[in-house]
Amino acid sequence: MASNQDIAETLHEAALQAKPIPQISLAHPISLTQAYEIQKLLIQYRLDGGETLIGLKMGFTSEAKMQQMGVHDLIWGRLTSSMLIPNNSKTQINHYIHPRVEPEICFRIGKDINRELNENEVSEYVDGIAAALEIIDSRYQNFKFSLEDVVADNCSSIGFVVGDWMPVSQSLKNLNMELLIDHKIVATGSSNDIMHNPWRSLAAATRLALQYGETIKKGMFIMAGAATNAEFIQANQTSTAMVESLGQATVSFH
Ligand code: OOG
Ligand code: MG
């Protein structure tokens with residue numbers, strides 16, 4: 001039986017070498033608690049390598065994503081400094097195994113959060129909101145996983161792009177969200193597809209962070225989760241996430 005540390009190391013190496021591995025849970029049944037412990041150990045490799053924790057991401061906050069991946073529970077992962085990609089820049093395709101892109105909304109935290117907040121008070125702790133694009137890249141073969149597998153793999157995190165920051169007074173109700181690849185719309189949704197209200201996703205992040213002993217600090221980014229399916233992306237393609245009234249986040253793969 002592999003230890004949590006062994007599993008974390010295997011996942012870390014898979015990401016570093018951009019080489020997929022078989023699903024962990026097929027050989028080693030793991031609990032959800034164990035999966036979050038593995039995720040923490042996995043991130044520690046990045047922190048030991050000089051990266052810093054810059055935020056958290058929520059996953060499976062929309063029906064579209066739950067349907068696409070066959071996983072029906074909220075998950076959360078950690079974002080580190082190497083994952084932040086400047087808007088309108090390029091990223092190298094060989095850094096990834098089988099990357100997918102998805103349109104999101106990102107929150108920037110304005111003051112430390114040490115307790116669970118509800119969806120109505122959470123905006124007081126935010127000083128900016130932006131359109132965002134997440135690049136996900138499961139370390140598992142064929143992008144197939146169980147809930148526990150994906151949690152252990154830091155929820156497929158690898159990169160994210162954030163657009164210009166907008167004031168918190170900007171409403172997040174019913175905003176059209178689009179994912180484009182090479183200027184063609186490949187998926188459409190609405191901000192309401194994110195837990196009926198993206199602020200609810202941030203409230204859930206405060207609950208989960210507290211539950212797992214993480215603090216959400218001033219300056220951190222919280223990704224609310226995708227509003228639509230994720231789409232595969234290839235070399236020489238450009239992808240943009242557009243959020244009505246907020247703006248866009250774009251990255252090119254080469
Ligand atoms: C897991 C990550 C889910 C989201 O926005 O729902 C996620 C995956 O789909 O590989 O990032
Ligand atoms: Mg996502």
Side-chain angles (χ1 to χ4, degrees), residues 11 14-15 18 20-25 32 35-36 38-39 42-43 54-80 83-85 91 96-107 129-163 172 177-179 186-202 204-205 208 220-233 239-243 249 251:
L11 284 163
I21 57 167
Q23 262 177 267
I24 298 291
S25 64
L32 188 60
Y36 276 109
I38 294 167
Q39 182 190 123
L42 172 63
I43 292 301
I54 61 166
L56 305 179
K57 66 167 263 186
M58 298 297 292
F60 303 136
T61 51
S62 69
E63 198 54 42
K65 282 288 300 186
M66 289 191 278
Q67 292 283 347
Q68 183 180 33
M69 306 316 293
V71 174
H72 295 266
D73 274 307
L74 270 190
I75 56 174
W76 69 278
R78 294 167 167 94
L79 301 169
T80 62
M83 298 178 191
L84 183 61
I85 301 172
T91 186
Y96 308 94
I97 300 167
H98 36 206
R100 280 174 150 160
V101 284
E102 50 186 29
E104 304 215 8
I105 288 169
C106 187
F107 298 104
I129 50 185
L133 179 143
E134 183 175 19
I135 305 170
I136 52 173
D137 194 28
S138 176
R139 266 54 69 173
Y140 302 115
Q141 287 161 358
N142 306 317
F143 228 110
K144 278 198 65 184
F145 43 69
S146 66
L147 176 71
E148 292 78 15
D149 287 322
V150 69
V151 164
D153 185 29
N154 194 29
C155 306
S156 310
S157 306
I158 189 79
F160 69 109
V161 185
V162 179
L172 289 182
M177 292 179 65
E178 289 173 349
L179 178 69
V186 292
T188 23
S190 151
S191 55
N192 284 21
D193 293 330
I194 305 167
M195 296 181 81
H196 303 292
N197 171 3
W199 291 110
R200 216 174 262 173
S201 174
L202 179 55
L208 291 164
M220 277 189 166
F221 303 92
I222 310 289
M223 294 282 280
T228 72
N229 281 3
E231 296 290 336
F232 284 113
I233 185 99
S239 184
T240 296
M242 304 250 293
V243 185
V251 65

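Numbering of ligands and ligand atoms starts at 1, following listing order.
- Here the protein heavy atom with the shortest distance to atom 9 (O) of ligand 1 is Lys65 NZ, 2.7 Å.
- When each atom of ligand 1 is checked for a heavy atom of Gly225 under 4.0 Å away, the hits are 5 (O).
- Each of the following atoms of ligand 1 lies closer than 4.0 Å to a heavy atom of Phe143: 10 (O).
- Between Gln68 and Arg100, the closest side-chain pair of non-hydrogen atoms falls below 4.5 Å.
- Taking 4.0 Å as the cut-off, Cys155 counts as a neighbour of ligand 1 on heavy-atom distance.
- Of the inter-residue distances, the one linking Leu56 atom CG with Leu202 atom CG reads 9.5 Å to the nearest 0.5 angstrom.
- Using a cut-off of 4.0 Å between Lys/Arg side-chain N and Asp/Glu carboxylate O, Glu102 and Lys65 are scored as salt-bridged.
- No side-chain heavy atom of Thr188 sits under 4.5 Å from any side-chain heavy atom of Met242.
- Close N/O approach between Met69 and ligand 1 is not found [any backbone or side-chain N/O within under 3.5 Å].
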Handout entry: Check against side chain to side chain donor-acceptor pair (under 3.5 Å), Ser190 and Asp193
Key = CA-CA 5 Å; Ser190 151; Asp193 293 330; 4.8 Å; no
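- The angle Glu104:OE2 - the Mg ion (ligand 2) - Glu134:OE1 amounts to 90°, with values rounded to 10 degrees.
- Looking at atom 4 (C) of ligand 1, its nearest protein heavy atom turns out to be Glu102 OE2, 3.3 Å.
- A 6.0 Å sphere centred on NE2 of His196 holds no more than 12 heavy atoms belonging to other residues, nucleotides or ligands.
- Ligand 1 lies within reach of Glu104, whose nearest heavy atom is under 4.0 Å from it.
- Classification of the Tyr36-Trp76 ring pair by plane angle, with boundaries at 30° and 60°, yields parallel.
- Counting only heavy atoms from C-beta outward, the side chains of Ile105 and Ser191 approach each other to under 4.5 Å.
- Scanning the protein heavy atoms around atom 6 (O) of ligand 1, the nearest turns out to be Phe60 N, 2.8 Å.
- Within the listing of ligand 1, atoms 8 (C), 9 (O), 10 (O), 11 (O) sit less than 4.0 angstrom from a heavy atom of Ile136.
- Listed by number with element, the atoms of ligand 1 under 4.0 Å from a non-hydrogen atom of Phe145 are 8 (C), 10 (O).
- Note that the CD1 atom of Ile43 and the CG atom of Leu79 stand 8.5 Å from one another [nearest 0.5 Å].
- Residue-ligand proximity, Gly59 to ligand 1, at heavy-atom distances under 4.0 Å covers atoms 3 (C), 4 (C), 6 (O), 7 (C).
- Atom 10 (O) of ligand 1 has Ser156 OG, 2.7 Å as its closest protein atom, hydrogens excluded (heavy atom only).
- Listed by number with element, the atoms of ligand 1 under 4.0 angstrom from any heavy atom of Lys57 are 2 (C), 7 (C), 11 (O).
- With a 4.0 Å heavy-atom cut-off, ligand 1 is reached by the side chain of Glu134 but not by its N, CA, C or O.
- With ligand atoms numbered from 1 in the order given, ligand 1 contributes 1 (C) to contacts under 4.0 Å with heavy atoms of Val150.
- Ring orientation note: the planes of Phe221 and Phe160 are nearly perpendicular, at an angle over 60° on the 30°/60° scale.
- Looking only at N/O/S atoms, Glu102 comes nearest to the Mg ion (ligand 2) through OE2.
- No side-chain heavy atom of Cys155 sits under 4.5 Å from any side-chain heavy atom of Phe60.
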